[in-house]
Structures are given as structure tokens and as C-alpha cells.
Amino acid sequence: MTKSIILVGVGGQGTITTSSILARGLIAGGKDVKMSEIHGMSQRGGTVVTQVKYGEKVYSPIIGEGEADLIVSFEKVEALRALPYLKEGGTVVTDIREIFPMPVLTGAAAYPGDAIEQMQKSVPNVIVVRAAELAQQLGNVKAQNIVLLGALVKQLGLMEIDWRSIIRDSFPEKLVDLNLKAFEAGTSME
Amino acid sequence: MSKQIMSGNEAVARGCYEAGVHFAAAYPGTPSTEILENIGGLYKEEIYSEWAPNEKVAAEAALGASIGGMRAICTFKHVGMNVAADPIFTAGYCGVNAGLVYVTADDPACHSSQNEQDNRLYAPHAKLAMVEPSDSQECKDFIKKAYEISEQFDIPVLFRMTTRVCHSKSVVELGERSEVPVKKYERRPEKYSMLPVNARKRHVIREALLQDLEEYAYTSELNRVEKVEGTDTGVITSGISYQYVKDVFGDSVSVLKMGLTHPLSRRLLQEFASGYKHLIVVEEGEPYLENALKILGFTNVTGKDKLTIQGEFNTRVVRDSLLGKQEVFSYQVEGVQAPPRPPVLCAGCPHRGFYYALSRQSDKFVSSGDIGCYALAVNPPLNGFDTCICMGAGFSSLVGLSRALKAQGDTRKAIGELGDSTFFHSGLTSLIDIVASQTNAVAVILDNSITAMTGHQENPGTVRNLMGYESPAISIEALVRALGIDDDHLRIFDPIDQEAAKEALEAAYQAEGPFVIITKRPCALIKEVARANAGKHVQIDPDKCVGCKQCMKVACPSLAFDSEAKKAYVADTANCNQCGLCLQQCKFGAIGKAGE
Ligand SMILES: Cc1ncc(C[n+]2csc(CCOP(=O)(O)OP(=O)(O)O)c2C)c(N)n1
């Protein structure tokens with residue numbers, strides 16, 4: 001069986017880095033892995049979506065609607081936007097962080113601050129993570145993505161993989177400590 | 001050898017390294033860009049690489065390297081091949097000395113392009129060999145094969161990828177570089193000087209070589225039959241579509257996976273197709289494989305009658321189209337909707353300054369835009385331009401547009417905008433036409449000192465090149481002046497400076513004949529620029545803000561409006577770089593620079 005994970009966020013939040021670390025870890029854990037991302041326009045403040053599939057043998061690198069086992073959202077309303085991809089019984093892990101898009105900034109559209117509460121009414125498995133807040137407490141909001149990585153691998157039951165050494169290899173020396181702490185924070189949340 | 005997870009683009013770069021390639025040239029374009037970025041970054045000891053000003057130049061540079069004796073590669077996005085088509089069609093006649101590969105990265109679904117053209121159709125037209133990989137491992141392995149084919153059959157190879165092959169990552173097993181010595185250059189005008197007398201002969205030779213290559217294709221390992229006993233269905237596919245076929249059918253049907261797709265081995269197609277009652281062709285875009293089967297006389301073929309020509313496939317599209325639509329499960333959330341999140345000009349983007357100034361004088365101008373970050377200015381509230389077709393058209397179209405406006409008594413002046421990279425790409429020749437034809441129009445070069453849209457590549461105007469070495473930084477101003485544009489018809493300024501922008505646009509409107517504007521301010525995301533601006537941001541004094549929303553008109557993602565308090569505020573101090581465009585809008589002195 002292959003597992004399908006979608007990571008969503010806003011340009012600059014580090015979704016792509018997270019997916020790469022996840023993929024490297026899965027390979028180290030002996031899985032076949034494919035990862036897909038769309039560059040280009042998404043880098044200018046738009047939604048960024050990356051997809052990771054793993055299992056014995058993975059063919060298509062992309063995940064269709066209703067096919068994702070897990071959606072990890074770095075931003076509140078992006079979880080809502082990605083919801084059509086969730087399969088029945090799938091799980092959403094989402095940060096409560098809000099990043100207003102242009103139409104909201106200008107007052108042309110409203111930002112649904114209660115998106116998570118509304119989602120929880122119909123989706124059974126919604127896990128809320130204060131990853132950005134935790135990362136901020138650790139000293140740098142940018143480590144939000146690694147907090148989420150921690151939450152994600154715990155959720156997927158992939159703790160036997162040596163994530164710490166993969167994180168060590170993925171960041172410059174001076175950021176390793178912060179990201180290791182961020183990872184611990186992510187795995188020890190409930 | 002070690003295994004790595006690589007995108008298709010990274011794997012192509014690695015394949016070039018392992019294949020002993022010596023020369024690489026390209027013009028950037030999504031989804032192809034990372035191939036040269038990786039070659040320039042990782043393999044510069046072994047491979048000379050450069051960003052050429054456009055795809056035609058890159059294609060010719062690579063052809064020159066091949067004729068000279070170096071294995072060469074040139075990459076482009078699908079529309080880039082249109083620009084490069086002229087040399088490539090004749091390169092098909094010349095053939096190669098050392099191996100030559102052209103990579104086309106097609107973009108079904110227009111993830112970041114202006115059309116969905118299927119460049120497989122170029123291969124028969126230009127008489128090239130064509131190879132199509134389906135994942136990253138094949139990207140690497142097939143590139144090495146492509147060089148063998150190129151040299152064995154004296155033919156340039158079109159290496160055809162699509163967005164999902166380029167940007168999906170999968171596991172690749174690495175190999176060593178084989179050192180391929182540079183071949184001796186010899187003068188062979190009968191082969192490389194395509195005067196009619198030689199071209200006629202080369203055409204004959206080309207057709208013969210294509211026949212030989214078709215023979216080779218029959219047994220080539222690039223094509224693969226996955227035979228299943230007891231099925232009456234045979235599927236023919238190539239590229240990324242193969243992956244969807246495997247997801248949908250597993251091992252329940254036989255599959256002919258084509259990797260060498262021009263020339264197609266008709267014998268292979270014939271033999272495979274004859275064995276099945278039902279034939280299904282799964283290919284994105286045009287019915288390329290399907291038509292080949294139909295020409296062979298097969299009528300029991302399902303293809304474009306069920307599978308769309310538009311957009312891209314995924315497993316579900318293939319399954320639904322071929323096996324009947326299945327309901328997709330979906331959680332319904334009542335009462336809330338995610339607001340749209342369109343891409344926008346970044347906080348501190350210099351382009352915003354120019355287009356904001358233009359929006360203030362929009363009644364005087366008809367604006368034609370071009371392709372680059374500034375294309376995002378087309379959206380409200382800036383409404384920056386009316387047309388955006390292809391690189392360079394922002395200028396060339398003015399020659400016709402200004403005359404058409406005049407002919408219908410429209411007194412507005414035609415104005416066109418394009419960026420520094422686009423200027424070097426094709427805007428320069430377009431501007432030459434504007435000057436030569438004495439067109440009454442305004443040509444604006446939005447110089448942000450980088451090729452920003454595609455992720456910050458160097459260009460002929462930057463101080464460094466792809467390999468990281470110093471380069472001469474060709475002066476746009478000097479080029480413009482060399483065309484005969486004098487001081488009265490030229491303005492150069494920082495586009496955030498709204499006084500200067502206003503004066504320039506007024507002067508441009510009044511002037512007769514060609515008028516050039518060069519805006520100069522580096523992209524806010526260039527590393528050095530971002531570092532210099534770190535920590536800088538504006539602040540809004542709520543006591544002075546009257547809620548007039550004038551500052552919101554610049555459409556900066558760092559500014560927000562609190563509709564309850566009826567006041568503007570700085571929503572994102574991290575990305576604001578204190579450019580000061582909003583500050584110039586506030587008549588009440590409510591906006592100031594933090595820390596001053
Ligand atoms: C023929 C062709 N080649 C490449 C591209 C891809 N492309 C789109 S915009 C762009 C760069 C534009 O750079 P510049 O003109 O400097 O504007 P900036 O994005 O920096 O504002 C490129 C390479 C394309 N659309 N068409």
C-alpha cells in the first residue's frame with residue numbers, strides 16, 4: 001500500500017524543504033518515494049503544494065482528489081483549500097497560523113478565522129498544532145516547518161527512522177540545534 | 001553506487017555529467033530551468049555552462065560546440081523551442097560531430113506558461129531523434145543513451161520532458177563520469193554549410209539515417225514491452241502517462257512503453273498492436289502515438305476519443321476516462337470558504353512603483369505587457385496592461401498597435417513594458433524596429449538586475465554569470481543610446497520615486513517618436529538586497545491614519561486594512577523592505593519608516 005501526503009502552505013513557509021527532508025528520511029527507511037511540487041507562479045505569495053507518496057513501489061508522483069491519507073497545512077485556510085484531496089478517514093494536521101492573502105488585505109474577501117472549528121464539525125481527524133508559535137518560542141518562526149515535520153512523522157508512525165541525523169545533514173551547522181529542538185517539539189505534542 | 005532522491009531536472013544534469021558532456025547552454029524557463037542551474041552549480045569543473053540571452057542563441061552555441069567536437073546540451077521550456085526552431089531544423093540536416101541533445105520541457109496544464117503546445121510534434125517536423133523518460137532514473141539513463149544515439153546516427157536528439165517529469169522527485173542510482181575526449185574538429189562544408197547544393201544532399205542522407213534509426217528503435221532498450229498473458233488489451237504509452245497507466249491497470253493489461261518516440265518503430269507498433277483486441281493509447285496532449293497506430297491501419301484504438309487533449313493527466317483522469325467516472329469522496333465543510341490566494345508582486349517589488357505610476361495616468365496610454373514578474377501587474381487594482389503574448393511582444397507589438405490606434409483617431413499613446421532579461425532575449429531587436437520605423441510609442445525596460453520570474457538567473461546585464469564568475473554586465477542604457485535615442489527621449493529613474501515616474505510618463509506622452517524609459521532598482525529578493533534591507537519596515541501611526549485607503553491602492557502584501565477600526569496597518573513587517581511607495585501616497589503623514 002502506498003501512503004499519500006499533501007503539504008500545503010504559502011510561498012516562503014518551507015513546505016518544499018520539509019517535503020525533501022521527509023522524502024530523504026523515507027528513502028533511508030527503505031521505502032520507494034516520489035515527491036512532486038509545482039514551481040513558478042506559486043513562489044510569489046501564492047499557495048504552495050507539495051506531495052509525497054511512499055510505499056513498496058510508487059508509480060504516479062501526484063495525488064488526486066480524495067486520495068490523501070494526510071494533509072499537513074502550514075496555514076489555517078490552506079487546510080480548508082486542500083480538503084478535497086483528503087480521503088475518507090484521512091487526517092488533517094494544521095497550524096493555526098493565519099497569513100492573509102491579497103484579497104483579504106484589501107478587504108475584497110473575508111478571512112474565515114473559524115476555519116478549523118468549522119472543519120472539525122465534519123472531518124473526524126483534525127489535529128491542531130501551534131507550530132509557528134512553538135518555533136517562535138524556540139527563537140525562529142522559520143523552524144515552524146520542522147515542528148510540523150515532527151508532528152507529521154509521529155502521526156504516520158515513522159519514528160523508527162533516524163530523523164535526527166537527516167535533519168543534521170539538511171541544515172547549516174548554526175541552524176541544526178534549533179531544528180532538532182523544533183523536531184522534538186513537534187513529536188512531543190498531542 | 002549511492003542512491004539519491006532527485007528531480008527529473010537534477011537527474012538530467014547528473015546524466016550530462018556522467019555522459020561526459022562538456023558544453024551546456026540555455027535560456028531559463030519553467031519547468032526546465034534547474035537543469036542548467038544544477039550543471040552550473042555542481043559540475044562547473046567538467047562542463048562549461050551559460051545562460052544565453054535567448055533559446056536561439058543557446059541552440060546555436062550548443063550546435064557549435066557539437067560541430068567543434070564537444071558533447072553538448074541545450075535546454076528550454078516548450079515555447080523556448082519556438083524561438084530556437086530555426087537553427088534546430090537545419091541542425092537536423094547537418095547532424096553532429098560530438099553528441100548533441102536538445103531538452104524540451106513541456107507544460108501541459110500551463111502551470112507556468114502561456115500555452116500547452118506538445119513539442120513531440122517537432123521531432124518528425126525537424127527530423128530529430130526523440131527520447132522520452134518517465135521518471136528521474138530514466139532521465140539520467142536516457143540522457144546517456146541519447147548521446148550514444150546522437151553520435152551513432154549523426155543526429156541531434158530531442159529529449160522531451162513534461163512538468164511532472166521535470167519537477168517530480170524519485171530515487172536515482174548514481175554512476176561515474178565517463179571522460180569522453182573532445183573530438184577533433186575538421187572542416188566539412190558539405191556537412192555543415194547548408195547552402196542549397198549541400199542541403200539537398202543532406203536531406204537525402206537524413207532520411208536514410210532516420211530509416212536506420214527506425215531499425216535500431218525496433219530492438220532499442222528504450223522501448224519496453226510489459227507482456228501479460230491472457231489479456232485482450234494492449235496499452236501504448238510514453239513519458240509520465242506510463243505511471244498513471246500502471247496505477248490504473250497494474251499488471252492486468254500488456255503495456256508497450258515507448259522511450260524512443262521518433263522515429264517510431266512501426267514494426268514494433270505493428271507487432272504489439274496485432275496481439276490485442278483492444279488497443280488503448282494513453283498520452284497527454286496531441287494524438288501523436290495514436291495517429292501513428294491509425295496510419296498503420298489499426299481501427300480498434302481508444303485514445304483521444306476518451307482522453308482529453310487539454311491539461312494534464314493524473315491517475316484519476318486516466319481511470320475515469322477509460323473505466324467510467326467514479327464518485328470522488330469529499331468532506332463538505334459548511335459556511336466557510338478559503339479566500340483566493342493569487343500570486344502577487346512581492347512587498348518592495350520595484351515593478352509595483354512603475355505600474356502604480358502608470359495607473360495614475362492610465363487615460364493617456366494603451367499598455368502592452370510582456371512575460372516576467374511584472375505580468376502580475378495585470379490584475380486589479382493596478383490593471384497594468386492589456387496584452388501579454390510572448391517574450392519581446394511587449395515592444396514589437398507597439399509598431400502595429402500605435403498605427404492602429406492613430407488610424408481610428410484614438411489619441412492615447414502605445415506603451416510597452418518588459419524586463420532586463422526579456423530585453424536581452426528579444427526586446428532589443430523589437431526596440432530596433434520601433435526606432436527604425438520611427439514609431440510613436442514608449443518602450444519601458446523594467447530593469448531589476450536579474451531574471452526574477454524563473455527564480456533569479458543571471459543574464460547579460462548582471463555582474464556574475466551562471467558559473468558564478470564575474471561577467472561584463474552589458475549596459476542597457478548604452479545599447480539604447482547606441483540606437484540613437486537622445487536625452488529628450490530617454491528617462492532613467494528608480495521606479496519607487498513617484499515624482500520621477502510621473503514626470504517621465506508626462507514627457508513620454510508629449511514627445512514625438514520613439515521614447516525609452518529605463519527603470520532601475522534591484523529585485524527585493526536578490527540576496528544582497530534582502531540582506532541590506534533586513535529589519536527595515538514602515539509603520540503606520542493609527543492616530544494620524546484617517547482610513548482613506550489611498551495607501552492600499554499600491555496593492556502591497558505587507559499592508560492591510562482593518563475594516564473595524566477603519567485604519568490601515570502593517571500586516572507583515574518581515575517582508576516590508578521600506579521601499580517607501582506607500583509612504584509617498586499618505587497625505588496625512590501617517591506612514592513613517594520604523595526606526596527613524
Ligand atoms: C520564449 C520563452 N522563454 C522563456 C520563458 C520563461 N520566462 C518567463 S518570464 C522570464 C524571465 C523574465 O525576466 P525579466 O524580463 O528580467 O523580468 P523579471 O521577472 O525579472 O521581472 C522567463 C525566462 C518564456 N515565457 N518564453
Side-chain angles (χ1 to χ4, degrees), chain A residues 10-12 19-20 23-24 26-27 32-47 57-67 77-84 86-88 90 99-112 114-115 118-119 121-123 141, chain B residues 3-5 7 30-31 33-34 111-113 135 163-164 167-171 240 242-247 314-317 328-346 373 376 379 381 453-455 549 552 555-561 563 571-572 574-575:
Chain A
V10 177
S19 316
S20 302
R24 249 177 282 146
L26 289 165
I27 290 173
D32 188 26
V33 183
K34 283 191 179 166
M35 172 184 157
S36 189
E37 64 200 46
I38 290 295
H39 306 224
M41 293 301 237
S42 54
Q43 290 172 339
R44 302 287 171 266
T47 300
K57 171 78 189 153
V58 182
Y59 288 106
S60 164
I62 50 180
I63 301 167
E65 298 199 342
E67 290 177 359
V77 302
E78 292 310 320
L80 192 59
R81 199 190 313 282
L83 202 56
L86 194 65
K87 70 157 63 147
E88 192 164 12
I99 300 176
F100 289 177
M102 191 52 107
V104 172
L105 296 178
T106 59
Y111 188 95
D114 61 343
Q118 294 300 337
M119 205 158 37
K121 286 184 190 164
S122 57
V123 187
V141 70
Chain B
K3 281 186 176 181
Q4 262 188 36
I5 183 152
S7 68
T30 315
T33 311
E34 299 81 7
H111 291 290
S112 31
S113 310
D135 63 18
T163 301
R164 297 296 180 175
H167 283 171
S168 297
K169 298 193 174 184
S170 55
V171 182
I240 193 69
Y242 167 77
Q243 311 292 354
Y244 310 138
V245 167
K246 292 305 280 186
D247 267 349
N314 58 37
T315 302
R316 184 175 303 286
V317 167
V328 182
F329 170 83
S330 171
Y331 285 109
Q332 299 301 321
V333 179
E334 302 297 324
V336 283
Q337 239 188 339
R341 194 183 293 278
V344 292
L345 294 173
C346 305
C373 282
L376 296 170
N379 295 320
M453 178 90 262
T454 41
K549 284 192 172 181
M552 295 306 295
C556 174
S558 284
L559 290 186
F561 194 77
S563 28
D572 178 7
N575 284 309

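Numbers restart at 1 for each chain; the letters A, B, ... are given by sequence-line order, proteins then strands.
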| query | Contact part of A:I99 toward chain B, heavy-atom cut-off under 4.5 Å: side chain, backbone, both or neither? | reply | both
| query | At a heavy-atom separation under 4.5 Å, does A:A110 approach chain B through its side chain, its backbone, both, or neither? | reply | backbone
| task | Among A:A115, A:P112, A:A108, single out the residue with the greatest number of heavy-atom pairs under 4.5 Å to chain B. | result | A:P112
| query | Are the side chains of B:C346 and B:N575 in touch, meaning some heavy atoms are under 4.5 Å apart? | reply | no
| said: If you count heavy-atom pairs within less than 4.5 Å of chain B, which of A:P84, A:S122, A:A109 leads? | reply: A:S122
| message | Between A:P61, A:A79, A:G64, who has the most heavy-atom pairs with chain B when the cutoff is under 4.5 Å? | response | A:P61
| Angle class for the B:Y242/A:Y59 ring planes (parallel below 30°, perpendicular above 60°, tilted otherwise)? | perpendicular
| query | How long is the span from the CG atom in B:L345 to the SG atom in B:C373, to the nearest 0.5 Å? | reply | 7.5 Å
| said: Whether the B:K246 and B:Q243 side chains hold a donor-acceptor pair (N or O, under 3.5 Å, no angle test) is what I'd like checked. | reply: no
| query | B:I240 versus chain A, heavy atoms under 4.5 Å apart: side chain, backbone, both or neither? | reply | side chain
| Results of side-chain contact (heavy atoms from CB on, under 4.5 Å) for A:S19 - residues two or more places apart only | A:L7, A:M35, A:T50, A:V52
| Selection from A:R24, A:K121, A:R81 maximising heavy-atom pairs under 4.5 Å formed with chain B | A:R81
| message | So which residue, B:P381, B:P31, B:S330, B:P342, ends up with the most heavy-atom pairs under 4.5 Å with chain A? | response | B:P342
| Given that the side chain runs from C-beta out, which part of A:K57 has a heavy atom under 4.5 Å from chain B: side chain, backbone, both or neither? | neither
| query | What distance separates A:I27 CD1 from B:Q4 CD, expressed to the nearest 0.5 Å? | reply | 9.0 Å
| task | Could you tell me which portion of B:V171 (side chain, backbone, both or neither) has an atom closer than 4.5 angstrom to a non-hydrogen atom of chain A? | result | both
| message | Only pairs of heavy atoms separated by less than 4.5 Å count here; which of A:L83, A:V123, A:D114 has the most with chain B? | response | A:V123
| field | Proximity breakdown for B:C556 and chain A, heavy-atom pairs closer than 4.5 Å | value | backbone
| With a 4.5 angstrom heavy-atom cut-off, which part of B:A574 approaches chain A: side chain, backbone, both or neither? | neither
| Quick one: does B:H111's side chain get under 4.5 Å of B:T30's, heavy atoms only? | no
| remark: Assert top hit (heavy-atom pairs under 4.5 Å, partner chain A, pool B:P340, B:S563, B:G335) equals B:P340
| request: Let me know if A:V104 has heavy atoms under 4.5 Å from chain B in its side chain, its backbone, both or neither. | output: side chain
| message | Main chain of B:D572, side chain of B:S558: is a donor-acceptor contact present, judged purely on distance under 3.5 Å? | response | yes
| Region of B:P557 that comes under 4.5 Å of a non-hydrogen atom in chain A | both
| request: Would you mind telling me which of A:Q118, A:K34, A:E88, A:M102 has the largest number of heavy-atom pairs within less than 4.5 Å of chain B? | output: A:E88
| request: Give, for atom OH of A:Y111 and atom CD of B:Q337, the distance between the pair rounded to the nearest 0.5 Å. | output: 14.0 Å
| field | Contact list for residues 331-340 of chain B, test salt bridge (charged side-chain N to carboxylate O under 4.0 Å, His left out), sequence neighbours left out | value | none
| With a 4.5 Å limit on heavy-atom distance, are the side chains of A:S60 and B:R164 in contact? | no
